[in-house]
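By convention in this document, chain letters (A, B, ...) are assigned in the order of the sequence lines, proteins followed by strands, and residues within each chain are numbered from 1.
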Number of protein chains: 2
Amino acid sequence: MSRASDIAYNTIREMIVSGELMPGDPLGEEALAEICGVSRTPVRDAMRRLESELLIRRSESQRSFVADWSLDDISDAFELRAMLEGLAAQRAASRISAADIRKLEAYNQRIGEANASTPADVDAFLEENRKFHTLILDVAGSARLKTLLQTLIEQPIIWRTAHHYSPHELLRSYQEHDELIAAFKRGDPAWAEAIMSGHIRRAFHAYSDAHHGLAMLDAERSKKRA
Amino acid sequence: MSRASDIAYNTIREMIVSGELMPGDPLGEEALAEICGVSRTPVRDAMRRLESELLIRRSESQRSFVADWSLDDISDAFELRAMLEGLAAQRAASRISAADIRKLEAYNQRIGEANASTPADVDAFLEENRKFHTLILDVAGSARLKTLLQTLIEQPIIWRTAHHYSPHELLRSYQEHDELIAAFKRGDPAWAEAIMSGHIRRAFHAYSDAHHGLAMLDAERSKKRA
DNA sequence: GATCGCCTTATTGTATACAAAATGGATCAG
DNA sequence: CTGATCCATTTTGTATACAATAAGGCGATC
């Protein structure tokens, strides 16, 4: 993470994910270069990466903007993620080792601990949750699947979802992880696929419930911009 | 396609897809810049794109090589494509207009004509086939799904598959397109999904049958290198 | 003779200067 | 007042020079 292009990537990405930059905001190379303290060359590199991850969109005339996600877009992203993570779980179920199952149990234990603190430690939840899903993706053993999924799971709106979870939803997520581990222990691909797919779809419904649709989403945007 | 980075992208991509460059071959920026007649800057741009499309892989020390696809990788790519194009067909079935159905019929008619000539006009088949699948993907109306799929369907090994089709397989492909159109006319998402998924899976089996596994694949590589 | 470490060389990363293209505004005609 | 065209300015694209880093070979030492 010491190369200039990595600095630029992380800096710009963080500005988008945190909400410091809002959807539709223009992104000039020169300005970003100054912010990041590097030249335009690594900034361009970083922007290409962010563009391929759909965090940035480019106009026909090659100008860049923070990507704007409609509720339909978000719904699509979750649908695809449910399908692909379901496939990952299905593949993992027949390949996973006892050692990796123990790792998953350790991650989920820490998720349970994060949930138990008051208020719930959402950052710890997210970090362990990320490890949990990443390990399953690795065990699935398909570089292509991993590449496709990583462009989906790193999206800012999806990422922020957990911040809107209720205590009950956090608990439910923890329990579903446990059930997934059970499916892995049995080596049951269909079960694992069903749990994982449902797990992701539930996350989407938690998200859309919390926001009561697009109107609420726009309200949140206005508030942050102010 | 007149920008230097597009020239570089197309030139390098063509060298990989055509087999002029073989899996594992090292790709130096300087050398490629000279071949393409541009400077290293647009070449680096192009290589980043090709890397995100998995045509190029990078070593831990940032050196680039032509990606090496094992039979497992190819199988994975087809599995994902079957799933995602199935989803596209499913979504398209409940959204497609009568005008677009007529377009699909026109494309498939030209596919039939390409098959009818002796020998079969594989390039025309591929072109109309591409239009057919692209239109369905557009009608599916998910930018994310389109982005994900395009990194899969443009892969060189998948693309060359049709060159190994037997006359019977070409006919079968044409008939499956017809059945897909029938599913669209009925507005039956499940039917469309099943046909499309099977259509892609059949393509994979045609491919693996033609190559009798990895040994045949290696033989072809040696022949081309000579 | 083998292995370790250094040094040379090749390759990639970054910065900067310049060229091309596009945007936005000002001016002028209708 | 509206609209269009042209120009100034901003923004992106490309080339090149230089810096940092990794690879490979050479020699020294055990």
*Given atom CZ of Arg57(B) and atom C1' of dT12(C), what is their separation to the nearest angstrom?*
16 Å
*asked:* If you assign Thr41(B) and Ser59(A) each to the DNA chain C nucleotide with the nearest heavy atom, which residue ends up on the more 5' nucleotide?
replied: Thr41(B)
*For residues Phe78(B) and Phe204(B), establish whether the separation of their ring centroids is below 6.0 Å.*
yes
*Measure from CZ on Arg3(B) to P on dA15(D) and round the result to the nearest Å.*
12 Å
*How many Å lie between CZ on Arg40(A) and C1' on dA15(D), as a whole number?*
12 Å
_For a quick test of reading the model: is some side-chain N or O of Ser39(A) closer than 4.0 Å to OP1 or OP2 of dA15(C)?_
yes
*asked:* Taking only side-chain N and O atoms of Ser61(B), does any of them lie within less than 4.0 angstrom of OP1 or OP2 on dT12(C)?
replied: no
*Are Ile74(A) and Tyr207(A) close enough that some pair of their side-chain heavy atoms sits under 4.5 Å apart?*
yes
*Only one of Leu50(B), Ile35(B), Val17(B) clears side chain to side chain contact (heavy atoms under 4.5 Å, CB included) with Ile12(B); which?*
Leu50(B)
*Atom CZ of Arg63(B) to atom P of dG24(D): distance rounded to whole Å?*
8 Å
_Run the side chain to side chain donor-acceptor pair (under 3.5 Å) test on Glu53(A) and Tyr9(A) for me, step by step, so that the C-alpha distance in whole Å, both residues' side-chain angles and the decisive distance to 0.1 Å come before the verdict._
CA-CA 12 Å; Glu53(A) 293 171 10; Tyr9(A) 172 81; 2.9 Å; yes
*Is Gln62(A) near enough to dA21(C) that one of its side-chain N or O atoms lies under 4.0 angstrom from OP1 or OP2?*
no
*Report yes if a side-chain nitrogen or oxygen of Arg44(A) is closer than 4.0 Å to either non-bridging phosphate oxygen (OP1 or OP2) of dG13(D); otherwise report no.*
yes
*Report yes if at least one side-chain N or O of Ser5(A) is closer than 4.0 Å to OP1 or OP2 of dT14(C); otherwise report no.*
yes
*Quick one: Glu29(B) CD to dT14(D) P, roughly how many Å, whole number?*
15 Å
_Please classify the nucleic acid contact of Leu27(A) as base, sugar-phosphate, or nothing, using heavy-atom distances under 4.0 Å._
sugar-phosphate
*Rounded distance (Å) that lies between atom P of dA23(D) and atom CZ of Arg58(B)*: 13 Å
*Arg49(A) has an atom CZ; how far is it from atom C1' of dG13(C), in whole Å?*
14 Å
*5'-most contact on DNA chain C: Val38(A) or Gly28(B), nearest heavy atom basis?*
Gly28(B)
*From Ile101(A) CD1 over to Leu180(A) CG, what is the distance, rounded to the nearest 0.5 angstrom?*
10.0 Å
_Atom-to-atom span, OH of Tyr9(B) to P of dG13(D) - whole angstrom_ = 17 Å
